[in-house]
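Following: one structure in structure tokens, then a few remarks.
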Amino acid sequence: MPGTGKRTNEGTHGRKDAPARGKAVRRSVRASLLPASERIGEIISRLQRRYPEARCSLEHRDPLQLLVATILSAQCTDVRVNLVTRDLFRKYRAAGDYAAADPAVFESEIRSTGFFRNKTKSVIGMAQGLLERFSGRVPDTMDDLTSLPGVGRKTANVVLGNAFGKDEGVVVDTHVARLTGLLGLTEQTVPEKIEQDLMRIVPRRRWTLFSHLLIHHGRAVCIARRPRCDACPVADLCPSAEV
DNA sequence: ATCCCGAGGG
DNA sequence: CCCTCTGGAT
């Protein structure tokens with residue numbers, strides 16, 4: 001086999017941190033901002049006004065579809081995931097369909113989402129777990145969901161919050177990790193620790209909404225490659241904003 | 001801390 | 001070419 005293409009991959013989360021933006025960060029002007037706990041309310045309020053339509057952007061009709069879509073979403077845009085699942089969900093309708101899938105065929109079907117070998121093992125293994133331990137149904141608790149292969153806290157939080165309407169945790173994806181760091185809502189870089197900080201300062205009833213707001217903001221304005229601080233509704237509440 | 005991996009933006 | 005995209009397992 002073409003074996004290891006040894007692509008120089010880099011980590012996934014928490015890029016070392018790149019304060020670099022060519023210019024030495026000039027945050028002295030906003031050095032005197034209120035603590036996170038006193039800015040969070042206004043931040044959520046303004047983002048909600050800006051993105052009133054913020055919701056889960058992974059297309060799904062039931063918990064199983066959302067679970068599969070979320071597993072496929074790792075390091076991949078939601079647009080591409082939706083493109084793949086549109087055909088996938090037509091063929092695989094129940095846990096048993098995924099559990100009985102031919103790995104080679106499934107790999108080719110989700111290939112464009114990247115990490116296709118790992119994702120195939122995760123989806124098929126997850127489906128087999130559903131059949132063996134949950135009667136083929138997607139469980140609605142954090143412990144049961146994370147007991148499934150390929151399902152971590154992030155994926156479990158997405159399913160719990162969007163398919164079951166339960167705010168069990170805060171979804172910390174690449175956008176949430178980046179933006180909360182820039183906003184000075186946490187000093188942590190490990191997703192789980194970021195989530196712990198956010199669960200303390202964000203009202204529980206807003207946990208799911210909060211993630212959607214940051215994800216939308218991260219795509220539209222606070223873009224990783226080039227944040228548009230000039231168009232940001234919370235720039236005056238952000239210690240990293242470069243006017 | 002590393003690896004898995006394709007696709008699109010700049 | 002380099003970076004980023006709704007991560008999880010080792």
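Numbers restart at 1 for each chain; the letters A, B, ... are given by sequence-line order, proteins then strands. None of these values were measured; they are calculated from a predicted model.
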Which is true for [X] with a 4.0 Å heavy-atom rule: it touches a base, it touches only sugar-phosphate, or it touches nothing?
X: A/Val151; result: sugar-phosphate
X: A/Thr113; result: nothing
X: A/Arg219; result: base

Task: Strand-adjacent residues in residues 153-160 of chain A, judged by heavy atoms under 4.0 Å from DNA chain C - done: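 Only A/Lys154, A/Thr155, A/Val158 qualify.
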What's the closest nucleotide to the [X] side chain, out of [options]?
X: A/Phe116; options: B/dA7, C/dC5, B/dC5; result: B/dC5
X: A/Gln75; options: B/dA7, B/dC4, C/dC5; result: C/dC5
X: A/Thr174; options: B/dC4, B/dA7, C/dC5; result: C/dC5

TODO: Please lay out, stage by stage, how A/Trp207 and A/Val171 fare under the test side-chain contact (heavy atoms from CB on, under 4.5 Å).
DONE: CA-CA 8 Å; A/Trp207 285 354; A/Val171 172; over 6 Å; no
Open item on the list: Should A/Phe115 be counted as stacked on B/dC5, where stacking needs a ring-centre gap under 5.5 Å and an angle between planes under 30 degrees?
Closed with: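 No, the aromatic ring of A/Phe115 does not stack with the base.
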- [ ] Answer yes or no: does a side-chain N or O of A/Arg80 lie under 4.0 Å from OP1 or OP2 of B/dG8?
- [x]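 It does, given that an N or O in the side chain of A/Arg80 lies less than 4.0 Å from OP1 or OP2 of B/dG8.
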Task: B/dG6 OP1/OP2 closer than 4.0 Å to side-chain N/O of A/Arg117 - done: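 False: A/Arg117 side-chain N/O out of range (4.0 Å or more) of B/dG6 OP1/OP2.
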Open item on the list: Nearest 0.5 Å, please: how far is OG1 in A/Thr180 from CD in A/Glu195?
Closed with: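 The distance works out to 11.0 Å.
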Open item on the list: Rounded to the nearest 0.5 Å, what separates atom CD in A/Gln65 from atom OH in A/Tyr92?
Closed with: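 Result: 14.0 Å between the selected atoms.
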Open item on the list: Just by distance, no angles: are the side chains of A/Asn162 and A/His60 close enough, under 3.5 Å, to form a donor-acceptor pair?
Closed with: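 Looking only at side-chain atoms, A/His60 and A/Asn162 do not form any donor-acceptor pair under 3.5 Å.
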- [ ] Show your reasoning for whether side-chain contact (heavy atoms from CB on, under 4.5 Å) applies to A/Met126 and A/Val68.
- [x] CA-CA 9 Å; A/Met126 174 278 290; A/Val68 171; 4.0 Å; yes
Task: Distance flag, aromatic centroids of A/Phe116 and A/Phe106, threshold under 6.0 Å - done: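 A/Phe106 vs A/Phe116: aromatic centres not under 6.0 Å.
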